[in-house]
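One structure is given here, and the rest of the page talks about it.
Note on naming: letters A, B, ... go to the chains in the order of the sequence lines (proteins, then strands), and numbering restarts at 1 for each one. The analysis underlying the following values was restricted to heavy atoms, covering all of them including side chains, and did not include hydrogens, waters or symmetry mates.
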Amino acid sequence: MTAPLLTVDRLSVAFSGVTVVRDVSFEVSPGECLAIVGESGSGKSVTARSLLGLTGGRVSAEGLRLGEHDLLSAGPKQWRSIRGGEVGLVLQDALVSLDPLRPVGREIDDTLRLHTSLSPAERRDRVIEVLESVGMPDAASRALQRAGELSGGLRQRALIASAIAASPHLIIADEPTTALDATVQSQVLRLLAQLRADGTALLLISHDLAVVREVADRIVVMRDGEIVEAGSVGEVLDAPRHEYTRALIRSVPSGVPRGMPLAASADAGSTRNTAPPAPSTGPIVLEARGLSKSFPRRHQAPLLAVDDVSISLRRGSTLGLVGESGSGKTTVARMLLGLVTPDDGTVDLDGARFSDIPERQRRRRRRMLGAIYQDPLSSFDPRHTVQRILRDALDPKEANAPRRLTELLDSVGLPSSVLARRPLHLSGGQRQRVAIARALAPRPEVLVCDEPVSALDVSVQAQVLDLLDELQGEHGLAYLFISHDLGVVQHMSDRIAVMRAGTIVEEGDATTVFTSPQHEYTRQLVASTPRLERNQRS
Amino acid sequence: MLRWVAAKVAGGAFVLWAIATLIFFGLRLIPGDPAQALLGGPGSQASEEALALVRREHGLDLPLAEQYLLAMGRLATGDLGTSYSLRQDVLTLIGEQFWGTLLLTVLSLATAWAIALLLATWATRGSRSGRAVASGLEVVASAVPHFWLASMLILLFSSLLGLLPPVSVEGPSGLVLPVLTLALPLAGFLAQVMRESLADALESPFVLSARARGESETGVRWRHAIRHASLPAISLSGWAFGSLISGAVVVETVFARPGLGRSLLNAVTARDIPMVTGIALVSALAFVLVTIATDAIDRVADPRLRRA
């Protein structure tokens with residue numbers, strides 16, 4: 001084993017007296033990838049930023065060494081030469097992590113200007129070389145474009161290029177693929193793996209165990225600012241010793257059979273099905289035939305967002321809708337909900353026409369359709385209390401029955417004490433529960449769930465998915481479950497429809513679609529999804 | 001780009017026409033006889049014959065619609081008419097006053113920007129108490145009225161310290177107090193807008209990326225944050241210029257400085273319709289041009305606007 005490049009010995013970070021990282025120790029060697037996993041608030045990002053001197057808090061440690069540098073005694077000038085020169089940082093979502101007003105080439109040029117003695121002309125050539133090394137096609141002209149003008153995958157490459165331009169020995173990648181589609185994510189992961197193979201040390205911060213399994217050599221699991229478990233990928237993921245690690249792994253839905261509870265609080269080893277699998281038997285409650293929608297664009301032909309899409313939802317079962325961003329999933333959902341008028345095609349709700357009718361006739365039947373979105377916070381009026389939010393959604397006849405409110409909260413597992421609170425003061429999981437309670441308030445038949453767990457930590461995600469399963473069994477709800485996360489969709493769905501560029505390329509039984517995908521695109525999608533293989537559910 | 005310019009010019013022309021129309025009918029609504037004003041104002045003892053002659057000469061006896069069309073036709077050819085009170089060509093009169101006011105307002109705008117940038121930077125960088133002082137200054141500055149500020153500045157710099165002349169004289173020293181009077185309240189306002197967007201920009205992930213690249217605090221501000229912070233202030237500068245023109249009325253009067261503002265005040269008092277119309281139109285033209293310019297600067301500073 002080579003000498004470690006980075007040594008962190010009993011690192012603690014405190015913000016105005018509150019310790020958020022406590023006694024964290026680890027090492028990273030050249031050409032090695034160490035992953036720090038944990039949920040939000042676990043202190044993993046703060047730990048990473050303390051290696052750049054950018055926490056803004058009080059950092060203390062027994063030892064903090066990077067190669068020749070003693071980071072504990074580094075002054076501002078030394079820090080500036082370390083940042084970018086010795087350590088590169090890659091953040092999530094290049095759309096906001098690169099300056100949206102400047103061409104990406106300028107951002108890469110900045111790194112070179114700060115850490116090399118190249119002339120401006122030499123730097124210009126080097127920028128293009130670096131962009132080419134991260135697989136940017138047509139690098140010379142891309143360098144002049146801004147992050148907003150590049151696709152998600154290309155701008156993430158540009159962000160990585162700006163971090164590696166001065167050939168740092170260590171790269172810190174903080175959720176580098178979280179905002180990306182599956183196929184783009186696998187390209188970016190391959191790029192990071194290649195950098196590691198070239199001898200760069202990689203510190204990967206992630207909440208996604210499947211991504212970690214794919215790239216990392218060793219894992220550190222953090223919770224509430226402390227390391228709960230550390231070891232090789234095989235040790236930690238296949239034979240976790242700590243209860244928290246086990247719960248974390250159990251929460252990952254990919255590969256868990258439909259109906260089996262995920263959350264740690266559920267009985268361990270229970271095979272109780274929370275939802276009776278009753279696919280293709282229940283009556284059809286929502287049916288769409290030949291839906292099409294195009295949106296006008298400036299100076300271009302209209303964008304055909306949805307092209308001849310037909311789907312049907314059956315009582316008590318779930319149709320999963322997967323596809324990458326821009327494939328038209330959300331537009332389909334909006335047409336089903338009667339929020340967007342289709343150019344072509346029809347929607348029938350409970351056997352009666354729901355599209356092409358005046359809003360006045362539609363309104364009283366809207367209660368049959370509920371919707372849950374990715375970010376509940378922005379779908380609530382922040383000034384309303386939970387009580388007001390739920391009461392507004394109730395049938396006017398029931399609006400003054402306090403029993404109904406507690407009943408709703410009960411069904412989503414919230415105490416009645418949240419009634420007086422405002423969404424901003426709830427946790428992410430609680431907010432999504434309130435959103436579900438609101439969707440359930442008018443006793444709907446169909447719930448459209450558009451990325452309902454994408455913004456949640458994996459353990460909270462597990463609880464919400466379990467809840468949705470339970471409610472479906474209880475009320476016989478039909479779900480349209482939209483997600484870019486194939487693992488989640490597979491776990492939740494009876495049938496799956498795969499969308500690409502506005503059309504459904506494949507539809508079928510959930511297991512069949514995943515085990516023997518017919519369409520080339522589905523195969524590519526399944527192949528590019530990182531998997532957390534588990535021998536057994538512990 | 002060409003289409004954008006064409007659209008802006010057409011929009012500007014529409015605004016000018018609308019303003020000219022508003023002024024034309026607005027001035028007719030004021031009680032009193034324009035012919036009387038022509039013959040020396042309300043106090044004059046002009047005979048009925050003289051009034052009738054003046055009315056015929058100026059077309060004031062024609063139907064209103066005809067008067068309007070004639071007036072618009074004259075304006076379209078750039079003929080602003082003759083001042084009632086000064087008996088001179090309005091365009092020439094305005095030409096004499098215009099540059100002084102333009103210099104005053106442009107200098108004030110530039111000064112306001114400089115002070116606002118300093119205040120905003122101070123308010124986001126300094127110590128906790130420094131920040132509190134900076135934000136307090138912003139609020140106070142944006143709240144003081146021009147006439148009070150002008151008096152206080154004269155009291156401080158002329159009467160007490162004797163550094164600067166209390167009235168506007170030729171040369172740079174005469175400009176300092178008028179410019180400060182106009183610039184300070186605007187600076188307070190712009191600084192509040194900038195401070196907020198500067199704080200937002202400094203918290204954003206791309207600034208973290210820049211710092212992690214080894215960029216210094218100054219580099220972060222000048223290469224990234226200031227540009228983001230300036231966007232809303234640039235958009236507001238068109239409006240700010242308009243407010244400076246109206247502020248010039250007060251400032252030019254207080255400092256006895258020749259200019260459009262003071263001429264406007266005199267013209268209104270004398271019911272000098274062609275003069276009022278002319279000054280209003282020239283101010284509106286300046287406002288339209290400045291708005292187009294700020295829109296253009298906005299598009300340079302924020303390339304995302306060019307695609308929209």
Handout entry: Pick from Gly219(B), Ser216(B), Ser204(B) with the largest number of heavy-atom pairs that fall under 4.5 Å of chain A
Key = Ser216(B)
Problem - Segment of Glu217(B) engaging chain A (4.5 angstrom heavy-atom cut-off) - result: neither
Practice task
Tell me, yes or no, whether the heavy-atom count around Trp4(B) atom CH2, taken from other residues, nucleotides or ligands under 6.0 Å, exceeds 12.
Solution key: yes
Fill in the blank from the handout: With Asp99(A) as partner, the option from Arg223(B), Arg227(B), His228(B) fulfilling side-chain hydrogen bond (donor to acceptor under 3.5 Å, both in side chains) is His228(B)
Handout entry: Contacting moiety of Gln92(A), where chain B heavy atoms sit under 4.5 Å
Key = neither
Exercise for the section: Taking Ser209(B) for its side chain and Leu98(A) for its backbone only, find out whether a donor-acceptor pair lies under 3.5 Å. Expected result: no
Problem - Segment of Leu101(A) engaging chain B (4.5 angstrom heavy-atom cut-off) - result: both
Problem - Residue pair Asp110(A) / His224(B), side-chain heavy-atom distance below 4.5 Å - result: yes
I'd like a table of donor-acceptor pairs (distance under 3.5 Å, sequence neighbours excluded) in which one partner is a side-chain atom from residues 13-21 of chain B, with atom names and distances.
| residue | atom | partner | partner atom | Å |
| --- | --- | --- | --- | --- |
| Trp17(B) | NE1 | Tyr68(B) | OH | 3.2 |
| Thr21(B) | OG1 | Trp17(B) | O | 2.8 |
| Thr21(B) | OG1 | Tyr68(B) | OH | 2.9 |

Problem - Test: Glu215(B) and Arg83(A) ion pair at under 4.0 Å - result: no
Fill in the blank from the handout: For Pro303(B) and Arg146(A), the nearest pair of non-hydrogen atoms, with its separation, is CG-NE, 2.9 Å
Practice task
With chain B as the partner chain, list the residues of residues 69-80 of chain A whose heavy atoms fall under 4.5 Å from it, by residue number, and write 'none' if nothing qualifies.
Solution key: Arg80(A)
Problem - Winner by heavy-atom pair count (cut-off under 4.5 Å) against chain B, out of Ala147(A), Ser162(A), Pro100(A) - result: Pro100(A)
Problem - chain B contact via Val87(A) - side chain, backbone, both or neither, heavy atoms under 4.5 Å - result: backbone
Completion exercise
Per-residue tally against chain B (heavy atom, under 4.5 Å) across Leu89(A), Leu91(A), Ile82(A) peaks at Leu91(A)
Handout entry: Structural part of Ala201(B) lying under 4.5 Å from a heavy atom of chain A
Key = neither
Exercise for the section: Inspect the surroundings of CD in Gln145(A) and state if more than 12 heavy atoms from other residues, nucleotides or ligands are less than 6.0 Å away. Expected result: yes
Completion exercise
Output for pair (Leu208(B) CG, Leu52(A) CG), nearest 0.5 Å, gives 8.0 Å
